[in-house]
Peer 1: 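Below is a structure I'd like to ask you about.
As a basis for the values below, the full set of heavy atoms in this structure was taken, side chains included, without hydrogen atoms, waters or symmetry mates. Not measured: the values here are computed from a predicted model.
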Amino acid sequence: QVHLVESGGGLVQAGGSLRLSCAASRRTSRTYGMGWFRQAPGKEREVVAAISRSGGSTDYADSVKGRVTIARDHAKNTVNLQRNSLTPEATPVYYCAATTEGWGTVRYAYWGQGTQVTVSS
């Protein structure tokens with residue numbers, strides 16, 4: 001089992017950038033596929049980005065392509081999400097998740113508690 005803790009959320013102005021980080025309680029580098037998800041109030045949780053165990057493959061939701069980058073820091077055992085050009089939409093909570101079933105559109109068994117991102121207009 002692995003415990004995940006997200007950080008880096010907060011208040012940012014529209015058009016600004018934010019870097020979210022996900023730290024794990026055990027080694028996830030090269031053993032777990034990772035993903036970032038978001039859930040706005042009243043909406044279903046949706047995937048934002050996913051990354052393979054090695055970090056060599058990534059995938060992004062169409063709605064954020066060009067404005068987001070997911071990357072692994074193997075030395076720090078973290079998975080980071082860089083969000084650029086943020087828009088003042090519903091304030092989502094971002095979640096980090098881990099899977100042993102490959103990566104991408106698979107079942108994620110381990111989830112963090114989430115970090116709130118608020119974009120002001």
Side-chain angles (χ1 to χ4, degrees):
Q1 190 166 358
V2 58
H3 295 284
L4 305 172
V5 178
E6 302 95 337
S7 62
L11 179 65
V12 62
Q13 288 189 331
S17 299
L18 206 61
R19 184 172 177 269
L20 306 179
S21 187
C22 175
S25 61
R26 60 178 295 177
R27 195 75 182 165
T28 57
S29 178
R30 308 186 202 286
T31 55
Y32 290 83
M34 303 292 292
W36 279 96
F37 296 74
R38 66 183 179 185
Q39 185 170 22
K43 295 187 177 181
E44 293 187 356
R45 186 167 56 195
E46 59 179 357
V47 63
V48 176
I51 190 166
S52 63
R53 296 173 182 177
S54 68
S57 298
T58 59
D59 196 16
Y60 301 97
D62 289 340
S63 59
V64 297
K65 278 183 180 177
R67 299 185 292 124
V68 62
T69 303
I70 187 172
R72 306 190 77 128
D73 186 329
H74 293 295
K76 295 181 179 179
N77 196 40
T78 59
V79 177
N80 304 314
L81 187 75
Q82 178 71 35
R83 286 296 323 273
N84 301 319
S85 304
L86 288 162
T87 57
E89 52 198 358
T91 54
V93 176
Y94 281 78
Y95 297 92
C96 172
T99 179
T100 57
E101 300 180 11
W103 74 286
T105 310
V106 296
R107 185 182 68 93
Y108 288 79
Y110 308 103
W111 293 85
Q113 83 289 348
T115 184
Q116 180 83 55
V117 173
T118 302
V119 182
S120 63
S121 57

Peer 1: Say whether, by atom type as modelled, one donor and one acceptor occur between the side chain of Thr99 and the main chain of Arg107 under 3.5 angstrom.
Peer 2: yes

Peer 1: Checking Asn77 side chain against Ala23 main chain: does a donor-acceptor pair fall under 3.5 Å?
Peer 2: no

Peer 1: Looking at every non-hydrogen atom in both residues, tell me the closest pair between Val117 and Gly9 and how far apart they are.
Peer 2: CG2-CA, 4.2 Å

Peer 1: Return the set of residues passing side chain to side chain donor-acceptor pair (under 3.5 Å) with Arg72 (not counting sequence neighbours), or none when no residue passes.
Peer 2: none

Peer 1: Output the rest of the hydrophobic cluster of Val93: all Ile, Leu, Val, Met, Phe, Trp and Tyr residues reachable through side-chain heavy-atom contacts under 4.5 Å, sorted by chain and number.
Peer 2: Phe37, Val47, Tyr95, Val106, Tyr108, Trp111

Peer 1: I'd like a table of donor-acceptor pairs (distance under 3.5 Å, sequence neighbours excluded) in which one partner is a side-chain atom from residues 61-69, with atom names and distances.
Peer 2:
| unit_1 | atom_1 | unit_2 | atom_2 | d |
| --- | --- | --- | --- | --- |
| Asp62 | OD1 | Lys65 | NZ | 3.3 |
| Arg67 | NH1 | Ser85 | O | 3.2 |
| Arg67 | NH2 | Ser63 | O | 2.8 |

Peer 1: Enumerate donor-acceptor pairs with a distance under 3.5 Å from any side-chain N or O in residues 10-21 to protein atoms, sequence neighbours excluded.
Peer 2:
| unit_1 | atom_1 | unit_2 | atom_2 | d |
| --- | --- | --- | --- | --- |
| Ser17 | OG | Asn84 | OD1 | 2.9 |
| Ser21 | OG | Asn80 | OD1 | 2.9 |

Peer 1: Kindly write out the residues that satisfy ring pair (Phe, Tyr, Trp, His ring centres under 6.0 Å) with Tyr60, not counting sequence neighbours, or none if the list is empty.
Peer 2: none

Peer 1: Report the distance from atom CG of Leu81 to atom CE of Met34, rounding to the nearest 0.5 Å.
Peer 2: 11.5 Å

Peer 1: With distance as the sole test, does Glu6 use its side chain to make a donor-acceptor pair with the main-chain N or O of Thr115 at under 3.5 Å?
Peer 2: no

Peer 1: Does His3 offer a backbone N or O that forms a donor-acceptor pair with the side chain of Ser25 under 3.5 Å?
Peer 2: yes

Peer 1: Would you name the heavy atoms of Ala24 and Val2 that are closest together and state the gap between them?
Peer 2: CB-CG2, 3.8 Å

Peer 1: Return the OG1 to NE2 distance between Thr28 and His74, rounded to the nearest 0.5 Å.
Peer 2: 9.0 Å

Peer 1: What pair of heavy atoms forms the shortest contact from Gln116 to Thr118, and how long is it?
Peer 2: CG-OG1, 3.8 Å

Peer 1: Rounded to the nearest 0.5 Å, how far apart are OG of Ser54 and CH2 of Trp103?
Peer 2: 9.0 Å

Peer 1: Got a sec, which residues hit salt bridge (Lys or Arg N to Asp or Glu O under 4.0 Å) with Arg38, two or more places apart in sequence or on another chain?
Peer 2: Glu46, Glu89

